Amino acid sequence: MASSPAPKAHIAHTLLSRAHSPDSAAQQFTERVKQKPLFLRATSPSASDNRSRRRLHRLRKKEYFLKHQKPQPLSAREKRKSGLYDLPKEECKHNLFKGLHELWVGYMQEILDVKAGAHGYVSPTSHGSKLVSADYHGAEVEVVRSRCAGRVGVKGIVVRDTKFTFVVVTERDEMKTVPKEHTIFRFTVPVSTPSEGAQDQQTQPGAKAPAPLVFELHGNQFENRPVDRANKKFKWRNIDYI
């Protein structure tokens, strides 16, 4: 029986044996050639696979953009259509907003430093800028002068303060929109709350309760939103007589 031919030596082993000893050539061939991992390149994708990959990339990019995008504010038309500022008739009750007015009184007393026990002096120079930048939601205002005679005498609690109007709820549970232009409003800030005033009279018999502070607001100089007034600087201006 004929013997099988000897296996042919690997070309890399033959080349290594020319430069190194037999033991060193065998070791390097085993470690660097025979046992070296072989990295195969993936099969090239087809045209349809490329389209699907680009589509997936576009969808992921759009999803990331929508996820990190800030919501757009509603326009004035969208706000009117959604009824965001509409108050139901059953909620336009003067008694419902009395609590809001009491909170506003405490807020103004802190701004003007006229709470019970604090003897501060209120002047246009020291408190004019505070009155201009204050929030008047909850204030009880009364129209004392206006070029439109029908507005004079309107009195109610402010439930909405827009750039050009005051929306008030009267004691007859009526909601009225009063333009600020050519109109002067009057509002009062008591120095102490009714409960505090009663306690002072009990502790000091014969002492009179401090008179409330009365202010007049010229609508022509007040045509700003509450957010814009917070950062507006107070300036002296000539006021037209109404």
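All of these numbers come straight from a predicted model, not from anything done at the bench. Both backbone and side-chain heavy atoms feed into the values below; hydrogens, waters and symmetry mates do not.
Classification of Lys180 and Asp161 as a salt-bridged pair holds, one side-chain N sitting under 4.0 Å from a carboxylate O. Comment: Glu216 engages Arg186 in a salt bridge, judged by a side-chain N to carboxylate O separation of less than 4.0 angstrom.
Between the NE2 atom of His68 and the NZ atom of Lys70 there is a distance of 12.0 Å, given to the nearest 0.5 Å. The CG atom of Leu217 sits 10.5 Å away from atom OG1 of Thr183, with the distance rounded to the nearest 0.5 Å. For the atom pair CZ of Arg77 and CZ of Arg80, the computed distance is 7.0 Å after rounding to the nearest 0.5 Å. Atom CD1 of Ile111 is separated from atom OG of Ser133 by 6.5 Å, given to the nearest 0.5 angstrom.
Listed for the His10 side chain is a donor-acceptor partner under 3.5 Å among the backbone atoms of Ala12. Not a single donor-acceptor pair under 3.5 Å links the side chain of Arg229 to the backbone N or O of Asp135. The closest donor-acceptor contact from the side chain of Ser24 to the backbone of His20 lies at 3.5 Å or more, if one exists at all. Between the side chain of His94 and the main chain of Thr170, no donor-acceptor pair closer than 3.5 Å is present. A donor-acceptor pair under 3.5 Å is formed between the side chain of Glu78 and the backbone N or O of Ser75.
Here the closest heavy-atom approach between residue Pro190 and residue Pro212 is recorded as CA-CB, 3.9 Å. Scanning all heavy atoms of the two residues, the minimum distance from Arg151 to Pro179 falls at NH2-CG, 3.7 Å. Closest approach of Ser146 to Val152, counting heavy atoms only: N-CG2, 4.0 Å. Summarising the geometry of Gly138 relative to His101, their closest heavy-atom pair is O-ND1, 2.9 Å, with the distance given to 0.1 Å. Listed here is the closest heavy atom pair of Ser17 and Thr14: OG-O, 2.7 Å. Contact record, Ala25 with His13: O-CD2, 4.3 Å, taken as the closest heavy-atom pair.
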Start with the C-alpha gap between Val168 and Val141, add the side-chain angles, then the distance that decides, and say whether side chain to side chain contact (heavy atoms under 4.5 Å, CB included) holds. CA-CA 8 Å; Val168 301; Val141 299; 4.0 Å; yes
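Between Phe187 and Phe215, the angle of the ring planes stays under 30°, which puts this pair in the parallel group of the 30/60° scheme.
For NE2 of His57, the number of neighbouring non-hydrogen atoms (other residues, nucleotides, ligands) closer than 6.0 Å is 12 at most. For Arg32, the CZ atom is loosely surrounded, since the number of other residues' heavy atoms within 6.0 Å does not exceed 12. Counting heavy-atom neighbours within 6.0 Å of Glu63 CD, excluding the residue itself, gives a total of 12 or less.
Taking the six-membered ring wherever Trp is involved, the centroid distance between the rings of Phe222 and His218 does not fall below 6.0 Å.
Partner of Trp104 under the side chain to side chain contact (heavy atoms under 4.5 Å, CB included) criterion, out of Ile157, Val158, Val189: Val189 alone.
Side-chain contact annotation: Thr165 with Thr162, donor-acceptor N/O pair under 3.5 Å present.
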